[in-house]
Amino acid sequence: MSKLEKILYGNRLKPILFLVGLILILPLVVKSPYIFTILILIGIYSIVSLGLCLLIGYAGQISLGHAAFFGIGAYTSGVLTTSFELSPWIALTIGMITTFFIAYIIGIPILKLKGHFLALATLGINIIFYILILGLNQLTGGAAGLIGIPSLSLFGVPLTDKLFFYFFVWTAAVLVLLLSLNIVRSHVGRVLRSIHDSEIATETLGVKVENYKVAIFALSAAFASLAGSMYAHYITFVAPPTFYITKSILFLIMVMVGGASSVWGAILGTTVIMFLNEIIRFVGHTYFGISGEVEIVVYGLIIILIMMFLPKGLIHVISKPIQKIKPKKKVSVKAHKDMISQKGV
Amino acid sequence: MSKLLEVRGLTKRFGGVTAVSDISYDVGAGEIVAVIGPNGAGKTTLFNMISCFLSPTNGEVYFKGNKLTGQKIPQLAHLGISRTFQNLQIFHNLTVLENVMMGAHVKLKTNVVNAAFRLPRILKDERIAYDLALDAIHLVGLEELMFEQAGQLSYGLQKQLEFARAIVYKPDLIMLDEPMAGLNDYETNRMADYIKKLKSEGSSFLFVEHKMATVMELADRIIVLDFGKKIAEGTPDEIQQNAKVIAAYLGEEVV
Amino acid sequence: MELLMQYIVTGLTVGSIYALLAIGFVTIYNITGILNFAQGEFAMIGALTCITFANAGLPISASIILAILISATIGLIVERTAIRHARNTTVIILIIITIGVSTFLKGMGLIIWGTNPKQLAPLIKMEPIHFMGAVINPQSIFIFIVLLILLAVLYVFFEKTYIGSALRACEKNQRAAKLMGINTSTMSALAFTLAAALGAIAGILITPITDATYEMGFLIGVKGFVGMVIGGMHSIPGAVAGALIVGLLETFSGGFISTFYSDAITFLVLILVLFFKPNGIFARASGERV
Amino acid sequence: ACNTETSSSNDKNDGDGDKEVIKIGAIFAETGPASTLGKTQANYVKLIQQQLDEEESINGKKIEIIMQDYETDDTKAVIAADKLISEGVVAVVGATQASTSMAILPKISSEGIPLMTVAPVNPEAKDIYQMAPSNLTNANLIIEFLKENNISKVAWINARDGFGVEGLPSFEKVAKENDIKIVAHEEFDATATDMTVQLTNIRKENPEAVIVWSRTPGAGIVARNFKALGFDIPMIQSSASANKGFLDQVKDNNENIYVIGSKLSVVDQLPNGEQKDRLEKFREDYRAMFNSDPDNFTAHAADGFHLLIEAIKAGNTTSEDIHNYLKTEVNKYSGLTGSFELQSDYVGPYEDGFSVLGIENNEWKYYE
Amino acid sequence: MLKVDGVSTHIGKIKILHEIYFQVEKGQIVSIIGANGAGKSTLLNTLAGLYRPTSGTITLENEVISGYPANKVVEKGLSLVPEGRQIFTNLTVKENLLLGIFSKYYKEKKLAEENLTKILDMFPGLKKHLKNLGGNLSGGEQQMLAIGRGLMSNPKIILLDEPSMGLAPKIVNEILDTLMIIKEDLGTMVILVEQNVKAALKVCDQAYVIDQGRMIINGTRDEISSNPQVISAYLGIKSAGA
Ligand SMILES: Nc1ncnc2c1ncn2[C@@H]1O[C@H](COP(=O)(O)OP(=O)(O)OP(=O)(O)O)[C@@H](O)[C@H]1O
Ligand SMILES: Nc1ncnc2c1ncn2[C@@H]1O[C@H](COP(=O)(O)OP(=O)(O)OP(=O)(O)O)[C@@H](O)[C@H]1O
Ligand SMILES: [Mg+2]
Ligand SMILES: [Mg+2]
């Protein structure tokens, strides 16, 4: 890592190594297929929330429609592999490319909108998509869903084994994370954050704001599509309700709970939200003997509490103690001084 | 002196009100031109039309001989025009350094694709932006605050930050809307020095200001607006003597 | 002709249901700038508490008043606890909080009232009216009248009164509002109380037509939100008009094109509209310039 | 249905901790939109667990039911399925919705665990025991009714959700075979507030009966709009309307409205006999615990559990044994919702548990 | 009289103001001067209740107002014309002005009408914009609006944060005259934060210099005007290299 990078963005190697280490170690500890399923879904959803984090947290553009892009991926994979018997890999790639272009074209008019208007438009897209998959039942199976989607296989080894699928999903998630980190830790990241703060000023500086917004929108949609394909091949079944606006809202909650201002927050938020339900259920069942409706109430309550007391997201709680030991500002200042003295300026 | 900016018959009406009415003037290369006038005279509106934030009801603007009117805002920076705002537009959540680095955008080739794959170009660009930004920060003396969040600076410092951001890439024409408002005399003089220094390096300025001492000291030429109309144009000395200007704007007590 | 008339009548009926929700949205938005995703749940609580009281033998008028009071209190409690604490964070966080509140209230509704739909007798007992070949439910007319009254009252309140301008000031610039001596915290509490009461009124009014369940709030909430946005976020008449347009769009696209795709068509039209009017059809000047 | 009793699974091992426990999984939509159907199923889990606990032990073993609420979310259902597999259940009852059942089927069947679905799934689905009458069965009941009333032109209207869209394909098939024309097909959002437009569209085609496939409250709103528009033809609704909630919705204006209902709804009007006793006991047990009535969806769940318990009582304690038992040993099983023949290709119970019900004095009316 | 007794203010974890002491007597104009970032705005905001001081007390006419929220402080008769104008862009000019007297509007409608007329006379430029939205005004017009709004309620004490910013020289003089008038006629106390130090020193009775959050110099107008430190740092002596 260059010195300049350290000045501007601080360290990145350590958290990545930590994550990779965790991914490698977990299978040694975890044996239950149930936890594995959750871990796999966390990996899948993390890919969506990473993209959303770029869009919401960095570029400041809200989307209440990412479940649609998630769905386009899932259904492209599902339909192409069942009705047309294409290889899942080709289907997955076609899905990503199609979604990217669809999102790009939709994005051009839609991203002219701001704030709540954008929220409404993306919500509309989600609803239109939902109705379309219900309506095109010849292809999609309609409300009954699409059964018999094949699982992925790699070099002839089917990834039906959870462990394989787990590594596959998390490899993809880490790659997406790296891409996102690269973007964020570059001039583009600064441009996105500038757009968030003041579009007017950003444009004045010569940035074609619309292009950036649309590009990030399409990129995050492509991430969602990738995740959707993985979802389809993992669950081997898709049905419309999975891709309704409630899912878009869930993605949004994941990003916000984790902390939208950091890509790490996306992964953390996804993890926490995915486990939250299970923990409430576990605790509720084992110790209080409560039933489903009470779990929902507790879940709602916890979301409220997290947002009330940790508006910057959970990532802030984690990074704060680290910041205390090694404030980013001090690191930057020091690196800056080092560099200046080396240059002899 | 060759013409850098030509303003031809610019007019802007809001509903029934004519905020700017048939204004024409030129800015030559390497010149500093000031626009003054009472509050509400239409100075900012004029600025907004030149910099394509508002489309004029009538008239057009040429820059280096090319028509500017109707261009998209980002295009201006690429042509070599930068501006600041009367109501500050800084990036609150970026650090001072990052704010100023953003000013170097037109010099960079980073895009989403090469950033995502971290091609070597990226690191080179970071370097370029950083070096340019450091120069600008040095110029306005914000080194100490380089790593502070811009939103936490006081008003006057934000003002200087916005100035630094506007000059990073050494644009040909720098448009400043009341650059000295909120600065004390000492800082005003410093700012005037920066402007002179940049002028000597070849930049031109078009600026609006109410601090007459500075205007008179800096400007090569002054344009005076009142109720949207140009009521005078001339050198500082001419303007100071102009009865119309005194009555409309300066009041009995000059400076 | 008959068909057309029926579509108009139905469109207005459905639209006025959405409109009742939309004015609740605008009320909160106008004062606090928050988009309250729990607005539909206030309607649910209003409706179901009213039914509970009515079934317990209370006179209907007393039940209605009690239900409105209880909902308003819940609105107040929500504001005093969840919202107040997060007042100074970003809008999107407040939105997430209201989503949490919505989940919470819906869960409570399920625990208290179960899943079966509950009925409320129409407030005016009359046979359906036949008008130019269309059938009109008397309750729809009643809803429409109440809607118009609320519209007039709220319009005057927000646009024509001094306190109304103070409330709009809170939305735009809290800090400056405080400097004027406006207690923004009280205003925010007022907003939620009022919006919850409006929600409750909406819920009670529509129940004779739609019946009440714990999940009744979601769809009408979303549609109310759409109406509000189309209307330009800030204006009560705009929101009502927007909601009625949504209702009419739905029935017309359902009637003339297809009921399968009516929602999709509605949203497509709305997105197109936004393309030409990016701040809503009835947006008013915001007074922002550079 | 607000009850204060707690699930009995938390005091599972009290007192007799050394007993071997056999676990059965349950996946129902206790919350979310499908809870209209799933809530009583989830309730029933508590009831049957209590009954099992009272029964002392079964061959020295104890049966424990592990209930998972999937919140009407397919993904959560899949997680729940994995959770149940991790817990080592020998069989699973669920899910409330057909599409969800299909979502969890691959997971569960790949572990060799029998799945007793309580929804009418696609007849082509393999490896699944269906406790609800298939849509074909339902369609046949309707056809029978239509023929009796000399009706040959019908309109179909359904909700746009998992339950709503499943009815039509089977009906289309049998209608064709019986020369009944479907002259209109309309759809509405499952939570819509007004279906006048759909009914107006239907009226244009002059049908002789209208068939509705939706759960409440949509089902009730359609019926009410239907009456308001002055239709005087019969309306036949799906079994999702055969409950108290629907009856209340159409109160006092319910002539000519019919539902496909389980005989459970009309126990008191049934001729005396074994079926009546069975249903009566089921209803009384449920009433005693929850102070409300079960519906046919509860009964589907009950049939699923009863079959499994019977299998376990017969000494089958592994998934494989239970499979074998269900497929080979159970000949004709008389369930709450009708009689089953699990080894035949026929899916779901026979029609004998169901009937087209009318409404009289705001109560279900049974026609023999 | 306003008494500031050892007030310190933190923003986040950073101590911005360090034990500030000063007071303003009835009918006095007090100027506060200091470089950019010295803490002037923070001080005014603290007095107005936007920040809560971490130590010290602020007393207005025998009532301790530190710790009151801003809206309560206003009720006690303190009015702040904030930095950056902070007008309500979505309200008309008239609505903006009338909100200036929010805390007693309903009790004193007449006063509101009177003051409205007075202020429009003071800033004739606003008259033609009365129905225009505040946000559409030019920068200077907005500044007039903000000052006018601050004066609407006849406050006991008015704090002005750089009122001359963006105003034409003629108007600046008029505003300073107005301040002199209200201090004489109504006995209004004025705290003036100004970068235009010369102008500020012309009208004030007392002046304070603040540097890095500390009061470093104080004195009467004449003392301050002749203080060499002030002259070199704040009175426009050309920096080297010019
Ligand atoms: N969008 C608008 N709608 C209505 N009136 C407007 C609008 N924009 C500007 N005006 C009016 O046009 C006139 C000129 O405004 P402008 O901002 O150009 O003045 P200015 O010369 O920059 O004044 P200042 O020195 O106070 O900044 C003002 O009277 C202003 O109220
Ligand atoms: N929100 C904040 N967070 C952190 N520090 C802040 C914040 N606001 C102000 N400061 C710091 O407090 C100090 C004083 O700021 P203040 O705005 O009071 O200065 P000022 O004297 O009014 O300057 P100016 O003349 O530029 O308006 C500055 O160093 C500034 O960086
Ligand atoms: Mg201006
Ligand atoms: Mg300041």
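We name chains A, B, ... by the order of the sequence lines, and we start the count at 1 in each one.
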Leading residue by heavy atom contact count with chain C [cutoff under 4.5 Å; candidates A:Ala260, A:Pro109, A:Gly115]: A:Pro109

Greatest number of heavy atom pairs closer than 4.5 Å to chain A - which of C:Gly107, C:Ala86, C:Gly100: C:Gly100

Toward chain A, the part of C:Thr81 with a non-hydrogen atom under 4.5 Å: backbone

Among the listed options A:Ile296, A:Thr246, A:Ile127, the residue most often paired with chain C at heavy-atom distances under 4.5 Å: A:Ile127

Derivation of the side chain to side chain contact (heavy atoms under 4.5 Å, CB included) call for C:Val229 and A:Phe117: CA-CA 6 Å; C:Val229 177; A:Phe117 297 96; 3.3 Å; yes

Taking every non-hydrogen atom, the tightest pair across A:Ile304 and C:Ala82: CG2-CB, 3.6 Å

Chain C contact residues among residues 265-273 of chain A, heavy-atom distance under 4.5 Å: none

Interface moiety of A:Tyr130 toward chain C, non-hydrogen atoms closer than 4.5 Å: neither

Nearest-0.5 Å distance, CD1 of residue A:Ile302 to CZ of residue C:Phe104: 11.5 Å

Distance in Å, C:Phe275 CZ paired with A:Leu113 CG, rounded so as to fall on 0.5 Å steps: 9.0 Å

A:Ile303 portion near chain C, given a 4.5 angstrom heavy-atom threshold: side chain

Rounded distance [0.5 Å steps], CD1 in A:Ile253 versus CD1 in C:Ile99: 5.0 Å

C:Leu105 versus chain A, the contacting section by heavy-atom distance below 4.5 Å: neither

Atom group of C:Tyr261 that falls short of 4.5 Å from chain A, counting heavy atoms: both

Part of residues 201-214 of chain A lying next to chain C, heavy-atom separation under 4.5 Å: none

Contact summary for A:Pro311 and C:Thr89, nearest pair of heavy atoms: CB-CG2, 3.3 Å

Atom pair CE/CD1 of A:Met308 and C:Ile97 - distance to nearest 0.5 Å: 6.5 Å

4.5 Å side-chain heavy-atom contact, A:Leu120 and C:Phe267: yes

Residue A:Leu305 versus chain C: region with a heavy atom under 4.5 Å: neither

Closest non-hydrogen atom pair, A:Met307 against C:Ile93: O-CG2, 3.9 Å

Interface moiety of A:Val298 toward chain C, non-hydrogen atoms closer than 4.5 Å: neither

Proximity of residues 245-252 of chain C to chain A, residues having a non-hydrogen atom under 4.5 angstrom: none

CZ/A:Phe101: more than 12 non-hydrogen atoms of other groups inside 6.0 Å: no

Within the 6.0 Å centroid threshold, strictly below: A:His116 and C:Phe225: no

Neighbours of chain A found in residues 213-222 of chain C - heavy atoms under 4.5 Å: C:Phe218, C:Val222

Under 4.5 Å from any heavy atom of chain C - which part of A:Ile306: neither

Chain A contact via C:Leu268 - side chain, backbone, both or neither, heavy atoms under 4.5 Å: both

Selection from C:Thr103, C:Thr90, C:Ile96 maximising heavy-atom pairs under 4.5 Å formed with chain A: C:Ile96

Pick from A:Met256, A:Lys114, A:Lys112 with the largest number of heavy-atom pairs that fall under 4.5 Å of chain C: A:Met256

Segment of A:Ile62 engaging chain C (4.5 angstrom heavy-atom cut-off): side chain

